[in-house]
Amino acid sequence: MRQRLTARAVVVGDRAGTVVPDAVVDVDDGRIAWVGAAADAPPAGDAEVVALPGLLVPGLVNAHSHAPMVLFRGQGEGLPLDRWLREVMWPREARLTPDDVEVAMTAASAELLRGGVTTSVEMYFSPERIAAAVGATGARAVIAAPMVPLPGMPPLEEQMAAAVDLASGVADDGLVEYGLGPHAAYTVPLPLLRRAAELAREHGMLLHLHVAETATEGADLLATHGLSVPALLAAHDVLGGRVLAAHCVHMDDGDLELWAEYDVAVAHCPASNAKLASGVARVRDMLDRRIRVGLGTDGPASNDGLDLLADVRLAAQLARLARREATALTAAEAFWLATGGAADAIGRPDLGQVAAGRRADLVHVDTRDLRFEPVGDAADWLTHLVWSGVSRLVGDVWVGGRQVVAGGVCTAVDAAALRTEVAARAARLAR
Ligand SMILES: [Zn+2]
């Protein structure tokens with residue numbers, strides 16, 4: 001089906017912050033066929049024309065999430081990370097069933113879509129149930145099958161083989177992709193990290209792990225091996241291929257040089273890092289070294305939202321505060337980190353920008369609101385999008401050309417019923 005969407009402006013989602021006023025986006029068979037000014041548009045032909053009273057922006061790409069943790073939102077508020085994990089999260093997760101994961105992910109996926117997030121990188125238990133959940137809402141996900149040595153889980157070698165099996169069975173519509181998610185160097189033995197990296201390279205899969213989230217997590221490894229975690233990963237052949245490292249807060253210059261050398265991408269999670277007082281990642285230094293960076297919400301129990309557009313603003317604020325420079329991260333760069341930059345970071349050049357040939361993952365933000373006034377020139381659309389707190393103005397969302405949110409309501413699932421079900425399951429898990 002061919003569709004022509006017209007909008008007051010298109011924000012492309014590129015590094016330069018391109019904004020096209022009075023724009024047209026043509027969609028054909030799930031892909032963007034043409035983008036540009038209405039005055040230059042080719043004839044619409046038999047396309048259905050939809051006139052939108054706002055901005056069209058790319059579907060946001062969440063580079064790091066454990067979205068089913070909506071079940072644990074707000075739990076253990078104010079505890080330090082180690083007590084929060086041991087006393088609150090792990091006991092609840094020990095009682096978690098695959099049905100819990102699917103229901104929670106369906107609800108979280110609906111929430112993500114309503115906030116304009118069309119793709120998320122998910123690392124959580126029961127990966128095939130996460131796939132079923134996004135299948136229900138119509139969203140996209142890259143699901144890094146988690147590998148963590150927990151009681152009751154199969155051996156890590158078996159977990160890896162199962163993940164590779166899952167990856168071989170997916171459709172080519174790009175809606176679901178599987179990756180490997182060995183948790184971190186301080187929880188997964190190095191030989192298994194090396195094996196996971198080998199498998200990921202062999203099958204072209206994303207390898208997703210946590211690195212340098214807190215100042216102390218690498219202390220034991222440093223004492224044993226005399227190397228920082230990034231150096232240790234390089235020495236054990238874990239780097240190279242599609243590697244996406246979450247957080248990367250505590251990185252010295254040498255660590256960053258290694259990331260640049262091996263083209264390791266970073267999932268920067270400013271809201272989680274702020275809430276848990278982990279620190280502020282060196283985003284400007286990463287971008288200056290051409291390190292690929294995407295923004296992530298992290299799990300909703302450590303954010304506590306899934307509002308990536310709000311985190312765009314926070315990323316710019318923290319980057320500027322950390323360097324005391326108002327130029328440390330521009331509005332255009334901050335938005336790019338959640339769109340085109342995030343797509344690059346996760347190795348998905350088919351996503352993240354409103355550009356011909358990319359998949360038609362599109363978000364309509366209604367601009368009939370005081371938060372979008374005044375607009376003097378085209379760049380103001382992007383400035384307001386980043387700074388004015390507009391995620392509630394997301395009205396319509398398409399994934400691969402299919403409308404999954406209309407007038408702020410998910411078209412495929414019943415969000416109110418899901419909320420009730422999440423509440424009941426969360427209460428059971430908390431007991
Ligand atoms: Zn995480």
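Note that ligands are numbered from 1 as they come in the structure, with each ligand's atoms numbered from 1 the same way. Here the structure is a predicted model, which means the values were calculated and not measured.
Arg73 contributes no side-chain N or O that, together with a main-chain N or O of Gly305, makes up a donor-acceptor pair within less than 3.5 Å. For the pair Arg425 (side chain) and Leu71 (backbone), a donor-acceptor distance under 3.5 Å is absent. Arg284 places no side-chain N or O within donor-acceptor distance of the main-chain N or O of Leu329, the cut-off being under 3.5 Å. Side-chain N or O atoms of Asp344 include none that pairs as donor or acceptor with a backbone N or O of Gly341 at under 3.5 Å.
Because the distance cut-off is set at 2.8 Å, Cys269 fails to qualify as a neighbour of the Zn ion (ligand 1), as none of its N, O or S atoms comes that close. The distance from the Zn ion (ligand 1) to the nearest N/O/S atom of His247 is not under 2.8 Å.
A side-chain contact (heavy atoms from CB on, under 4.5 Å) with Val35 holds for exactly one of Val25, Leu56, Leu5; it is Val25.
Vertex the Zn ion (ligand 1); arms to His66 atom NE2 and His210 atom NE2; angle 110° (nearest 10°).
Restricting His64 to its N, O or S atoms, the one at the least distance from the Zn ion (ligand 1) is NE2. Minimum-distance N/O/S atom of Asp298 relative to the Zn ion (ligand 1): OD1.
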